[in-house]
Amino acid sequence: MKEELAKRYEPSTFEQRIYSAWEAGGYFTPVDDPEKPKFSIVIPPPNVTGRLHIGHALVNTLQDILARWKRMSGFNTLWLPGTDHAGIATQMVVERHLANQGINRFDLGREKFVEKIWEWKDQHRTEIKDQLTRLGASADWTRERFTLDEGLSRAVRYVFVKLYEDGLIYRGIAMVNWCPRCRTAISDIEVEFRERNASLWYVDYDVEIDGRKLTVATTRPETMLGDTAVAVHPDDERYKDLIGKHAILPIANRRIPIIADPILVDPEFGTGVVKVTPSHDKNDYETGKRHDLPQLQVIAEDGRMTAAAGAEFEGLDRFEARKKVVELLKESGQLVKVESHANNVGVHGKCDTDIEPMVSRQWFVKIEPLAGPAIEAVRSGAVQIIPQSWESTYFNWMENIHDWTISRQLWWGHRIPAFHCTNGHTTVTMDEPSTCPECGAKVTQETDVLDTWFSSGLWPFSTMGWPDDTPDVRTFYPTDTLVTGFDILFFWVARMIMFGLRFTGKAPFSQVFLNGLVRDEQGQKMSKTKGNVIDPLDVVNEVGADALRFTLAISTTGRDIPLGKSRIGGYSAFVNKIWNASRFALMHIDIELKDGGGIDRDHLRTVERWILSRLNSVTAEVNRQLSVFRFDEAASALYQFFWHEFCDWYIEMAKPVLLGRHGSDDDRKLARRVLLEVLDRSLRLLHPFMPFVTEEIWQKLGGVEPSIMIAPYPIPEEVLEDPEAERLMNAVKAIITTIRNVRAERGFTPKDRFKLYITGSDARDTNFFHEHAYLLIELARLTEVAVEGTAPEGAHHDVIEGFHIAIEFPEKEVSAEQLEKVRRDIEKTQKELESIEAKLADERFVKNAPAHIVGGAQARQTELRARLEKLQQNQ
RNA sequence: GCGGGGUUAGCUCAGCGGUAGAGCGUCUCCUUUACACGGAGAGGGUCAGGGGUUCGAAUCCCUUACCCCGCACCA
């Protein structure tokens, strides 16, 4: 009837089989049960750029733990999976991929190139799904989405048109961050700053007043070619007389005005003279607008110099041009000096290319009207950010937010639903008009696409069929918990909150759990170039998904997680332990869960009441910790209970009865029932963390449900609490431990057996030990336990948890080392006693400290006094 | 410059007002029929430094030092 477990724990033999069975059972798909409360969670869609890394394994393990926990706890649970088209990132990898074959995207043309990306996407979507599957993700694949799906694209167009009509999307000319490599504009948050050792060049400009010169300090000499002014501070006495005059721009030999600007110029920095390049610097652009300066674009979209830079520079790369400008200045003697200078250079986070500030026509989202409600949602608690310390970061960013540049000059993405006609009219509409609504001329669609985060910002509802009023939207929106990395708090989380509130009137989730970054052992960020990345599949193949998941969960405290290859499967020993303990249990259990019968609580012995009480307390703990996202605490509680209480103590204590060395047949039956019960509940508690191994074992227990993943999650039951059993068993454990210690200290081996004398503080306790003497005899390896009589001379005395014990040793020489140990024990006890006595003698302590603390100290004092007295007999 | 986080056992980290903890590592003993991915033990910490509040501080406040991470600035 009952099946045994394989002798060895080999996850590869069952994990994939089990996943298929779950999928076939349809357990990942929510059931249509209006009675059940719902729980929904949407995956942070991984980019279809490549394979998942260990950070994905973390974020998805945490989501799966929540989903499985909630599902087992009776919630109608949806975990919606999918992937992100990841605009620039994907276009870049495909371009690189094609470059290896000697093809560039311009050879292919837009249509063909996009086709290639779709092929790439299909392949990687499959790989990603496979990886999540191997991790055990209980996501509903029947609802899988992709940001470029027709449904989601429609939501994107709808939102774009709506925002445009509401005046929150506008098109205009502005200075944006331009990536000359990707040849597209990017938003402010996509710019990363890198510290660099650069040079500061000091250049002399001739001034139209004879003999006078202005020395300008610059880090970008090549932009000089586009200078249209030189600025000084209006109050700077050194240059006051030159304001309004003109300087001669070196090389270009253009006459440019000397202007006064208190905002741009800090007289303390450099020489106090600033060159002004309105076309290639953000501050200079603003200055140019203030002073009505002409713009002169000397750097083109591809990072090469334009004709405006002069014939000898045209076509040169901007960095080549820099060298050449410096060279020419040297020759003309206008280069005064060069200083080294540390500065932060903005680069495109995706490709590490220096950003070129560039004036261009782009589409923007006017963000303040969206940010206001999003700030309020967090402030009011409608959206809770965990750990809470991230809230101030969120507020800080949201309160200083700038308009969002949403257009990208790329081919891969949602094409902006704007249609331009030959007469210059622009129509923004969801579907392409046949002709211009204003003049009837032919229209062509805008070639720019949207920032990829525009579509992911709609993810929690666009995936459910919005803007239609679908059953999924009604049932599962808003979602409950969002689990994601803090690195996309601004990119993604903030945008979802803004869009969600604007378009659905509701925050898209009520809680955001931001997990830390997975780093290597040295605390280094994982990256391909450093070669310290870990492919989760390698780990799964090596130690199994359960060990990986448990390691990730128990390491998740809310901060960064240092996990290198050596640590990543660290908890495989624990999984192995679970396997073996279960194997032992199955060898002795001859009943199945569905046999029913339950437990006859009236006939339980103290050991059994104890383990059930402990199990109940860990049940409460796990539920409590999961509800506050303390995955580490929940996992630790299970680890501690299963290994160090259930295996180390309970199973060892049950063995005498299970193996027939002690007790009646009825005792044995009851012990089996309890063992089954504890194992069953433990497996269910562990299941969200270790779905595979728990399922594999649980299948052998003969439960009513076809799968552990739809069996109920244990909840604490008051009847199982038993403080009295815990008190007595704590004493038993402590006494056994003491005997083991003393045995080792005195140099005896486990084979040597002794007689123990023990007396409790009252008859009931003494009687308990009389009945449970076999536990001490078995686990502490004794010959007998006497509850009366006096220990002979030379016995080792101690007081443990209120019980007086004496261990009778055979004649044996006591070494100096052993005597020293006894002396140290006494000293330690004495010291603690002294400190506690001093405390109790202090009336301020007795007066001010809460009663239970004072009471505790008094009890401790009594115990220590008794113990000290007994220990002194050992000398 | 502004903000956040950190500094606790050899390593990685919990604990955040009432007797210093875990995992891993180290050392000793043990092949006891679930498990040597095991069992039983041991050793190891003036909780970064200095002040303060309190009967009592690793825990709260101030301060110094160092280390991370954001954001802003950078001619």
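These numbers were taken from a predicted model, which means no experiment stands behind them. What you see below is based on every heavy atom in this structure, not just the backbone, and it leaves out hydrogens, waters and symmetry mates. Letters A, B, ... mirror the listed sequences (proteins, then strands); counts begin at 1.
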Does any part of the side chain of A:Val493, heavy atoms only, come nearer than 4.5 Å to the side chain of A:Trp390, both counted from C-beta?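 The answer is no; the side chains never approach within 4.5 Å.
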Side-chain contact test, heavy atoms from C-beta onward, threshold under 4.5 Å: evaluate it for A:Ile807 versus A:Ile739 and give yes or no.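 Yes, at least one pair of side-chain atoms sits under 4.5 Å.
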Mark yes or no for whether A:Ser199, through its side chain, and A:Val338, through its backbone, hold a donor-acceptor pair below 3.5 Å.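 Side chain of A:Ser199 to backbone of A:Val338, a donor-acceptor pair under 3.5 Å: no, none is there.
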Give me the distance, rounded to whole Å, that separates B:A58 from B:G49 when you measure between the P atoms they each carry.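 To the nearest whole Å, 11 Å.
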Side chain of [X] - closest among [options]:
| X | options | value |
| --- | --- | --- |
| A:Ala849 | B:A34, B:G70, B:C55 | B:C55 |
| A:Lys577 | B:C35, B:G41, B:C37 | B:C35 |
| A:Asp632 | B:A40, B:A14, B:G70 | B:A14 |

Can you spot which of A:Glu222, A:Glu356, A:His280 makes a side chain to side chain donor-acceptor pair (under 3.5 Å) with A:Arg318?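 For A:Arg318, the side chain to side chain donor-acceptor pair (under 3.5 Å) check succeeds only for A:Glu356.
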So, is A:Lys655 near the phosphate of B:U33, with a side-chain N or O under 4.0 Å from OP1 or OP2?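 No.
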Given atom CG of A:Asp842 and atom C1' of B:U19, what is their separation to the nearest angstrom?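 So the CG-C1' distance, A:Asp842 to B:U19, works out to 17 Å.
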Using whole Å, what does the distance between atom P of nucleotide B:C29 and atom CG of A:Asp752 come to?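 Result: 16 Å.
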Let me spell it out: for each of A:Phe584 and A:Ile736, pick the nucleotide of RNA chain B with the closest heavy atom. Which residue's pick is nearer the 5' end?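 This one resolves to A:Phe584.
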Which residue, A:Glu652 or A:Asn848, contacts RNA chain B at a nucleotide closer to its 5' end, judged by nearest heavy atom?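 The residue closer to the strand's 5' end, by nearest nucleotide, is A:Glu652.
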Would you classify [X] as touching base, sugar-phosphate or nothing, given that sugar-phosphate means primed atoms plus P, OP1 and OP2, and contacts are heavy atoms under 4.0 Å?
| X | result |
| --- | --- |
| A:Arg630 | sugar-phosphate |
| A:Lys275 | nothing |
| A:Asn283 | sugar-phosphate |

